[in-house]
Structure formats: C-alpha cells, structure tokens
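Residue numbers count from 1 along this sequence. Note that this is a predicted model, so its numbers are computed, not measured.
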Amino acid sequence: MTAFEHAGLKIGSHFQPVYSLAHRRSIGVEALLRAEQGQTALSPAEAFYTAVSPEQRHQLDLAVCRAHIQRYLQLQSDHPRWLFLNIDAASLSRPDRAMALVNHIRQAGLEPHQVVLEVLEHVLEVDEALIEGVNILKNNGFMIAIDDFGVGHSNLERVCQLEPSLVKFDRQLLRNAIVQPRSRALLSRLVRLMHEIGALVVVEGIETERDVLVAMDSGCDLIQGFFIAKPAEAPDADELITPRLDERWDELMAHALLKRKLTRRQIELARQCFVQSAISLMQSTPFDLAAKPMLSLPDVIRCFLLDSEGRQIGRNLNSRQSASSTDPRYSPLADTTGAVWSRRSYFQHAVDQPGVLYMSEPYLSMTDPRSCVTMSMAIEIDENLHVLCADLLVPQHDTL
C-alpha cells in the first residue's frame with residue numbers, strides 16, 4: 001500500500017470490520033493506526049504523544065485520516081459501507097479545526113455520509129466549543145460515534161449532549177457481562193437506553209464464541225472484535241465471517257426457543273391459578289384461602305390486595321419459598337400494609353381495564369432485592385373495586 005509520512009512518523013493502516021447482526025454482513029470498517037518512528041513501532045496513543053500541542057495533534061489527525069482514506073478506497077466491497085475514523089479531541093475543540101477536518105476528508109476522496117467519526121467518550125470535556133465542533137461535523141453530513149463508552153467515568157449526560165449516531169461499548173462491559181449475571185442484565189438495559197436516545201450500539205471486544213452469544217443476547221446492533229475478524233491491511237470478507245456467526249445465531253435461537261417454551265408453560269399455569277384465586281375472592285372467600293393456588297407455585301413470591309386508590313389492604317401473603325429466603329437486611333421494607341402502589345403500571349393498567357389480567361415488565365421489588373413481574377386484575381369484592389396482585393420471580397440470566 002501507499003507509504004505516508006508525517007513529522008517523522010511512518011503512517012500505516014489496518015482495517016477491522018464492523019458487522020451488522022441483522023444484515024449478516026459488514027456495514028463498515030474501522031481504520032486503525034499503525035505507526036513507526038525510525039525502526040520502532042508505536043501504538044496509536046504513543047504516536048499522538050509525539051505531537052505536543054493541540055495544533056500538532058490536529059495536523060497529525062488530518063494526515064492519519066488522509067492515509068486511512070486513500071488506503072480504504074483500494075478495498076473492494078459489494079455494498080455501501082462506512083469508514084470509521086478515530087478523531088482526536090483537538091480536532092473538535094475549535095470550529096476552524098472541525099471545518100478543516102471536513103474539507104480534508106472530502107479532498108481525500110470520501111463524502112461525509114460515508115464516514116463515521118469516532119471520539120473517545122472518557123477524554124471529552126463537553127463545553128460549548130466542543131459541541132459547536134461536533135455540530136459542524138454533523139451539519140456537514142458526518143455520523144458521530146462515541147467510542148469506549150463504559151470505561152472509567154462514563155457519563156450518560158455527556159452522551160446525551162453530543163447526540164451521537166452510534167455508541168461503541170468498551171470491551172470491559174462485555175467482560176463483566178460474561179462473568180456477572182447482573183452485569184449481563186445491565187448490558188441489555190444500556191443497549192435499550194442508547195436506542196431510546198437515538199443511537200445504534202456497537203459491542204466491541206468480541207473475542208470468543210461466548211462473547212458472540214452474550215452480545216447477541218444483549219440486543220445490540222453491531223459487533224466488532226477478533227472473533228469477527230482481526231485488523232489487517234485487507235480484512236476478512238463476509239464470506240469468511242458470516243458462516244461463523246450463523247452457527248452462533250442458530251445456537252442462541254435454539255436456546256431462546258427452549259427458554260420461551262418453559263416460560264410460556266410457567267406463565268400459563270400462573271395465569272390459571274391467578275384467575276382461580278380472583279374468582280374465589282369475588283365469591284367472598286377469605287384472601288389467605290383464595291390465594292393458596294397462587295402461593296403453591298414455585299415462581300410466585302407473594303400475593304397482595306389493593307383498594308381502588310392503590311392502597312394495600314393488609315400484609316403481603318408470602319409463599320413458603322419466599323418466607324424461607326427472606327434477607328434480614330431488607331426487614332425495614334418487609335411490612336407493606338397501607339403502602340400506596342397507585343403509581344405502578346400494574347395498578348394503573350388493572351383499573352383501566354377491570355377483569356383483564358395484566359402482566360408488568362420486570363422490575364426490582366421494593367420488598368426484597370429481587371427482580372419480579374407483577375400479575376394484576378381489577379375485580380369487585382362486595383361491590384367494591386379491588387386489585388389482586390401476585391409477584392412472580394424473574395429468573396437470573398443463565399450462562400449461555
């Protein structure tokens with residue numbers, strides 16, 4: 001490939017595919033700097049340490065972008081795809097530098113819509129100048145990606161201020177999700193949160209088959225890492241990448257199908273028992289007797305009854321399994337007599353549609369530190385509206 005030099009540095013380029021799970025193909029490649037000073041290889045960070053002032057870093061940025069683009073244009077692709085370019089914060093800190101970057105990329109041979117500009121989330125100090133620089137790039141048609149989200153002191157407010165098109169999750173988020181069930185749930189929630197603010201999610205650091213499965217399970221959009229393809233002057237084509245990932249996708253779907261079958265069976269049994277308890281209550285059966293069918297199920301934590309204003313009538317009726325596993329640290333929250341649950345979705349949906357069984361989304365119980373879903377139904381007892389509720393345990397994520 002063509003040789004490039006700048007301020008005593010030899011500038012090399014390797015490219016790593018960014019792969020779309022939905023499209024089953026690479027939708028872009030990230031350009032990665034390979035630099036040498038004399039006969040010494042430098043990491044990207046070391047190469048930029050050689051540029052002392054912000055202006056020197058900006059000029060190095062421009063030179064690296066030009067080298068990457070000219071080599072990228074030599075790569076073959078059957079589909080349109082993005083070139084991901086890492087940009088130093090110095091190139092965003094002043095409007096004139098941001099505009100110089102725009103012009104430089106165009107002159108090198110790419111239009112802005114073909115380029116995703118990556119900025120490291122943890123080194124950004126968001127101020128008016130930076131936001132102005134980012135907006136100049138956006139207004140000229142570039143997509144912005146926040147890189148390494150989740151490392152160090154990540155800041156959701158900072159991400160929201162910059163309104164990126166993509167957020168790349170640092171590999172440590174994935175590593176944590178591999179070994180910690182709660183971190184795996186957090187990974188999925190972070191993906192949903194980024195979707196809510198309008199950003200696609202790239203999970204980086206995919207190195208093993210298990211990494212692929214956990215990333216797929218998180219609901220992310222794009223993946224990147226050595227398992228997909230190693231960085232190279234000419235990276236692996238999709239003909240090599242896709243068959244490997246299809247095997248993992250089939251495995252995940254088989255696992256998900258089995259889990260859904262088990263879950264459907266458990267939920268259907270819980271529904272039947274819940275309706276049985278509701279009918280008994282409407283026939284004036286005492287609550288503790290009416291709730292027995294529900295409390296006999298292994299996944300039911302507790303049953304409780306609310307009045308028409310959402311205020312709890314009496315204590316929770318806990319299942320035998322729940323009573324034996326009570327955590328004494330949460331004893332101040334155990335007695336919920338008179339608690340008001342009117343703001344909960346399970347109460348609001350029930351009173352909006354009396355007689356219709358509702359199941360909430362999973363949430364953290366206020367009574368003990370477990371994730372649960374609540375089944376609820378508004379019924380009449382002695383001509384007064386009540387809401388019958390039952391909490392079901394949400395199983396922890398198992399190991400894929």
For a side chain to side chain contact (heavy atoms under 4.5 Å, CB included) check, start with the C-alpha distance between Phe304 and Asp391, then their side-chain angles and the critical distance, and finish with the verdict. CA-CA 9 Å; Phe304 54 102; Asp391 289 345; 3.6 Å; yes
For a side chain to side chain contact (heavy atoms under 4.5 Å, CB included) check, start with the C-alpha distance between Arg175 and Glu207, then their side-chain angles and the critical distance, and finish with the verdict. CA-CA 10 Å; Arg175 297 277 82 76; Glu207 297 175 358; 4.3 Å; yes
Hey, mind stepping through His79 and Asp238 against side chain to side chain donor-acceptor pair (under 3.5 Å) and telling me if it holds? CA-CA 11 Å; His79 302 278; Asp238 291 338; 6.0 Å; no
Report the C-alpha separation of Asp211 and Thr208 in whole Å, then their side-chain angles, then the decisive distance to 0.1 Å, and conclude whether the side chain to side chain donor-acceptor pair (under 3.5 Å) test is met. CA-CA 5 Å; Asp211 291 349; Thr208 67; 3.3 Å; yes
Just do the side chain to side chain contact (heavy atoms under 4.5 Å, CB included) check on Thr336 and Trp341 with the steps written out, would you? CA-CA 10 Å; Thr336 54; Trp341 306 114; 3.9 Å; yes
Pair Leu85-Ile69, side chain to side chain contact (heavy atoms under 4.5 Å, CB included): steps then yes or no: CA-CA 9 Å; Leu85 294 173; Ile69 290 171; 4.2 Å; yes
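When all heavy atoms are compared, the tightest approach of Ala31 to Asn86 is O-ND2, 3.4 Å. Annotation for Leu281 and Leu388: closest pair CD1-CD1, 3.8 Å, computed over non-hydrogen atoms. Closest of all the heavy-atom pairs between Ser376 and Tyr346 is OG-O, 2.7 Å. Nearest heavy atoms, Ala51 versus Arg57: O-CG, 3.4 Å. Of all heavy-atom pairs spanning Ser26 and Ile241, the tightest one is OG-CD1, 4.0 Å. Heavy atoms only, all atoms of each residue included: Cys65 and Ile87 are closest at SG-CD1, 3.7 Å.
Neither side chain, Asp61 nor His104, offers a donor N or O lying under 3.5 Å from an acceptor on the other. Side chains of Gln224 and Lys168: a donor on one and an acceptor on the other come within 3.5 Å. Of the N and O atoms on the side chains of Arg97 and Ser93, at least one donor lies less than 3.5 Å from an acceptor on the other residue. Between Ser345 and Tyr363, the side chains place no donor N or O within less than 3.5 Å of an acceptor N or O (distance only, hydrogens not considered). Neither side chain, Tyr358 nor Thr374, offers a donor N or O lying under 3.5 Å from an acceptor on the other. The closest side-chain donor-acceptor pair between Asn384 and Glu380, if any, does not fall under 3.5 angstrom.
Taken together through direct or relayed side-chain contacts under 4.5 Å among Ile, Leu, Val, Met, Phe, Trp and Tyr, Leu190 and Leu222 form parts of separate hydrophobic clusters. Hydrophobic clustering keeps Val116 apart from Phe142 (ILVMFWY residues linked when any side-chain heavy atoms are closer than 4.5 Å, directly or through intermediates). Under a hydrophobic clustering in which Ile, Leu, Val, Met, Phe, Trp and Tyr are joined whenever their side-chain heavy atoms come within less than 4.5 Å, directly or via other members, Leu306 and Leu317 fall into different clusters. Connection of Tyr19 to Val214 is established within a shared hydrophobic cluster, with ILVMFWY side chains joined at heavy-atom distances below 4.5 Å, either directly or through further cluster members. Hydrophobic clustering, with ILVMFWY side chains joined whenever heavy atoms are under 4.5 angstrom apart, groups Leu174 together with Val179.
Between Pro286 and Leu289 the shortest side-chain heavy-atom distance falls below 4.5 Å. The shortest side-chain heavy-atom distance between Thr367 and Arg302 falls under the 4.5 Å cut-off. Contact of the Ile197 side chain with the Val159 side chain is registered, since non-hydrogen atoms from C-beta on lie closer than 4.5 Å. Two residues are said to be in side-chain contact when any heavy atoms from C-beta on lie closer than 4.5 Å; Leu166 and Asp221 fail this criterion. Here the side chains of Leu162 and Ile144 are not in contact, with every heavy-atom distance at 4.5 Å or above. When side chains are defined from C-beta on, Leu60 counts as touching Leu9, because their heavy atoms get closer than 4.5 Å. At least one side-chain heavy atom of Met99 sits under 4.5 Å from a side-chain heavy atom of Val102. Between Ile379 and Val387 there is no side-chain heavy-atom pair separated by less than 4.5 Å.
In this structure, the separation between CZ on Phe169 and CD on Glu204 is 10.5 Å, given to the nearest 0.5 Å. Here the CE-OG distance, from Met377 to Ser277, works out to 10.5 Å after rounding to the nearest 0.5 Å. Put simply, NZ on Lys292 and CG on Leu297 are 14.5 Å apart, with the number rounded to the nearest 0.5 Å. Interatomic distance, CD1 of Ile301 versus CG of Leu295, reported as 11.5 Å (0.5 Å rounding). For the atom pair CD of Gln114 and CE of Met143, the computed distance is 13.0 Å after rounding to the nearest 0.5 Å. Taking CD1 of Ile206 as the reference point, atom CD1 of Ile223 lies at 5.5 Å (rounded to 0.5 Å).
In this structure a side-chain-to-backbone donor-acceptor pair under 3.5 Å is present from Lys138 to Glu163. A donor-acceptor pair under 3.5 Å links the side-chain atoms of Arg244 to the main chain of Phe227, judged by distance alone. Here the side chain of Asn135 pairs a donor or acceptor atom with the backbone of Ile131 at under 3.5 angstrom. Side-chain atoms of Gln312 come within 3.5 Å of backbone N or O of Gly314 as a donor-acceptor pair. Of the possible donor and acceptor atoms, none in the side chain of Asp147 sits under 3.5 Å from a partner among the backbone N and O of Val119. Listed for the Gln16 side chain is a donor-acceptor partner under 3.5 Å among the backbone atoms of Ala229. A side-chain donor-acceptor contact under 3.5 Å links Asp307 to the backbone of Gly310. Put simply, the side chain of Ser296 gets close to the backbone of Pro293: a donor and an acceptor are under 3.5 Å apart. When atom types are taken as modelled, the side chain of Arg311 and the backbone of Gly338 share a donor-acceptor pair closer than 3.5 angstrom. Here the side chain of Ser280 pairs a donor or acceptor atom with the backbone of Gln276 at under 3.5 angstrom.
Atom CD of Gln56 is surrounded by more than 12 heavy atoms from other residues, nucleotides or ligands within 6.0 Å. Within a 6.0 Å sphere centred on CD of Glu268, other residues, nucleotides and ligands contribute more than 12 heavy atoms. Heavy atoms from other residues, nucleotides or ligands lying under 6.0 Å from CZ of Arg171 number 12 at most. Residue Met366 qualifies as open at atom CE: its count of foreign heavy atoms under 6.0 Å is 12 or below. Within 6.0 Å of atom CD in Gln353, 12 or fewer heavy atoms from other residues, nucleotides or ligands are found, so the atom counts as exposed in its surroundings.
With sequence neighbours excluded, no residue forms a side chain to side chain donor-acceptor pair (under 3.5 Å) with Arg25. By the side chain to side chain donor-acceptor pair (under 3.5 Å) test, Gln59 is found to be paired with Glu55, residues two or more places apart in sequence or in another chain being considered.
For residues 186-200, no pair satisfies salt bridge (Lys or Arg N to Asp or Glu O under 4.0 Å), with sequence neighbours left out.
Here the options are Leu392, Val300, Leu357, Ile279, the test is side-chain contact (heavy atoms from CB on, under 4.5 Å), and the partner is Phe274; only Leu357 passes.
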